[in-house]
Protein chains: 2
Amino acid sequence: MATRRQRTERRADALSKDRIVDAAIEILDAEGERGLTFRALTSRLATGTGAIYWHVANKEELLTEATTRVVDLVMMRVPDSRTPAAGARAITLIALGVFDAIDEHPWVGAHLPRVPWQPGMVSLFEGIGGRLDALGVPGPAQFNAASALVSYILGVAGQNAANARRHAPGTSRSGVLGEAAARWEELDPAAYPFLRKVAPQLRDHDDREQFLAGVDLILAGLTAGQ
Amino acid sequence: MATRRQRTERRADALSKDRIVDAAIEILDAEGERGLTFRALTSRLATGTGAIYWHVANKEELLTEATTRVVDLVMMRVPDSRTPAAGARAITLIALGVFDAIDEHPWVGAHLPRVPWQPGMVSLFEGIGGRLDALGVPGPAQFNAASALVSYILGVAGQNAANARRHAPGTSRSGVLGEAAARWEELDPAAYPFLRKVAPQLRDHDDREQFLAGVDLILAGLTAGQ
DNA sequence: ACCTGAACACCGTTCAAGT
DNA sequence: ACCTGAACACCGTTCAAGT
């Protein structure tokens with residue numbers, strides 16, 4: 001009984017996978033992906049590298065665990081419903097939830113596309129695929145439909161992560177967009193007619209709205225035949 | 001005159017940005033992204049690291065140049081046409097061209113989403129956006145439409161790159177998919193009904209066809225209102 | 001102008017040794 | 001069983017020195 005007690009009631013500061021992942025997320029959010037090193041982790045947790053490697057296989061597992069937590073938090077908040085309208089709404093909620101989560105934790109956007117069938121990715125696939133019945137997408141088309149939606153979400157996720165990595169947290173978004181738009185306006189009109197035409201839209205667009213427009217586009221394609 | 005001659009007709013083995021990028025692409029194709037180090041480059045080019053840094057700012061520029069070459073090669077092969085059918089076909093050709101290029105050079109799929117408005121990305125955006133007029137997509141909707149298509153392509157690109165990075169070039173694709181499908185079939189049916197249902201489709205699906213189905217889905221969404 | 005290569009400031013990971 | 005921390009085998013990048 002005494003040993004049992006000792007094993008279950010560990011000291012509050014005892015090392016565990018959970019505490020390691022906690023610390024990793026704090027570092028990732030504060031310093032970005034580049035800041036997460038085993039040296040930073042050991043100093044924050046006041047241990048040696050070997051202690052961390054006892055609980056976690058390697059850095060990839062650490063990032064995967066952290067990513068899983070963030071994605072699962074998003075999925076937990078989505079209601080499941082069975083009418084077509086509710087199906088579309090649930091998918092939009094998942095998509096926006098992932099978008100916002102990546103806005104808050106850009107490293108998730110970088111890691112999610114990197115490890116093929118990691119748990120967070122599996123949850124996402126199930127979460128979206130499971131709503132396609134309600135949407136009225138026929139069974140055989142559901143696999144491709146879910147895959148298209150997830151690929152689109154991961155594509156935006158990766159780009160947003162890349163944007164966040166480049167610009168310091170304080171950087172003005174409109175400034176960055178304005179510079180990019182100005183570059184587009186100076187391109188050779190013969191070679192880049194489209195970019196010149198849409199440069200003003202680049203300057204004024206909202207990433208979140210544009211992301212949502214893409215989701216709506218795919219949903220429209222899915223229900224186009226009905 | 002003699003000096004001019006000397007400057008333009010350099011020795012065949014003289015270092016230049018082009019030759020460095022050539023060597024980088026060879027290494028990337030043969031050894032993957034992990035194989036491209038400045039040590040590998042210097043030994044292949046028989047110089048010192050400083051020589052490479054004289055021509056190229058850093059590793060990211062090297063990867064961006066290499067990526068640009070691959071993407072531009074794809075874009076060069078797409079005919080431009082003005083009828084709706086030809087517009088859709090051109091977009092499909094670009095999408096498949098990028099897909100196949102990434103199949104051959106997986107590192108492109110990893111780098112393309114990583115550097116926001118790199119030249120290869122700009123070409124891709126222009127190539128797709130420039131065909132939306134022919135497709136009949138109204139002007140104001142074109143920016144979001146191009147963005148959705150490109151994001152989807154980058155999403156698939158990133159995942160394919162991740163897959164290639166994990167499995168040695170010789171690995172049997174059906175074996176990998178079979179194992180993944182088997183894992184899905186063992187999931188809790190209450191928690192993962194969708195994945196269990198589509199597991200057989202995962203086992204048999206073709207990545208390229210699935211990618212194309214996604215492109216068609218977005219194109220269908222774009223022309224749904226017409 | 002262009003190249004050399006040693007040196008710097010890092011990494012992730014391993015492992016013998018401790019408790 | 002769990003932890004320590006030095007050591008290993010790498011990296012990208014810089015820079016004084018050469019031609």
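What you see below is based on every heavy atom in this structure, not just the backbone, and it leaves out hydrogens, waters and symmetry mates.
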Do the charged groups of B/D188 and B/R196 touch, with an N to O distance under 4.0 Å? no

Rounded distance in Å - CD1 (A/I20) to P (C/dG12): 14 Å

Within this structure, what is the CG-to-C1' distance between A/N58 and C/dG12, rounded to whole angstrom? 9 Å

Return the value, rounded to whole Å, for the distance between atom CD1 of B/I52 and atom P of C/dG5. 12 Å

Could you check whether B/L45 gets within reach of a base, just the sugar-phosphate, or nothing at all, counting any heavy atom under 4.0 Å? nothing

I'd like to know if the side chain of B/S151 pairs up with that of A/Q159 as donor and acceptor (distance under 3.5 Å, no hydrogens or angles considered). yes

More 5' along DNA chain C: A/R34 or A/G50, using each one's nearest nucleotide? A/R34

Test item: B/R208 and B/D103 side chains (from C-beta on) under 4.5 Å apart, heavy atoms: no

For D/dC3, take OP1 and OP2 only and decide whether either is under 4.0 Å from a side-chain N or O of A/W54. no

Which nucleotide in D/dC3, C/dT4, C/dC11 has an atom nearest any side-chain atom of A/L15: D/dC3

Taken to the nearest whole Å, CD1/A/I27 to P/C/dC11 is 11 Å

Starting from P on C/dC2, measure out to NE2 on B/H55 and report it in whole angstrom. 7 Å

Rounded to whole Å, the CZ-P distance (A/F38 to C/dC11) equals 12 Å

Quick check for you: among C/dC2, D/dT4, D/dG12, whose closest atom lies nearest to any side-chain atom of A/T47? D/dT4

Base-pair string, DNA chain C, Watson-Crick plus G-U, cut-off 3.5 Å on both distances, | for inter-strand, is ||.|||||...|||||.||

Using ring centroids (six-membered ring only for Trp), state whether B/F211 and B/F99 fall under 6.0 Å. yes

Hey, can you tell me if B/F194 and A/F125 have their rings parallel, tilted or perpendicular (30° and 60° cut-offs)? tilted

The answer to which of A/G48 and B/A57 contacts DNA chain D further toward the 5' end, by nearest nucleotide, is A/G48

Would you classify A/L36 as touching base, sugar-phosphate or nothing, given that sugar-phosphate means primed atoms plus P, OP1 and OP2, and contacts are heavy atoms under 4.0 Å? sugar-phosphate

Closest heavy-atom pair and its distance - A/P79, A/R131: O-NH2, 3.1 Å

Provide, to the nearest angstrom, the distance between the CZ atom belonging to A/R39 and the P atom belonging to C/dA9. 14 Å

Rounded off to whole Å, could you give me the CD-to-P distance for the B/E33 and D/dC10 pair? 19 Å

Would you state whether a donor and an acceptor, one from the side chain of B/T49 and one from the base of C/dA6, lie under 3.5 Å apart? yes

Electrostatic pair B/K197:B/E185 at N-O distance under 4.0 angstrom: no

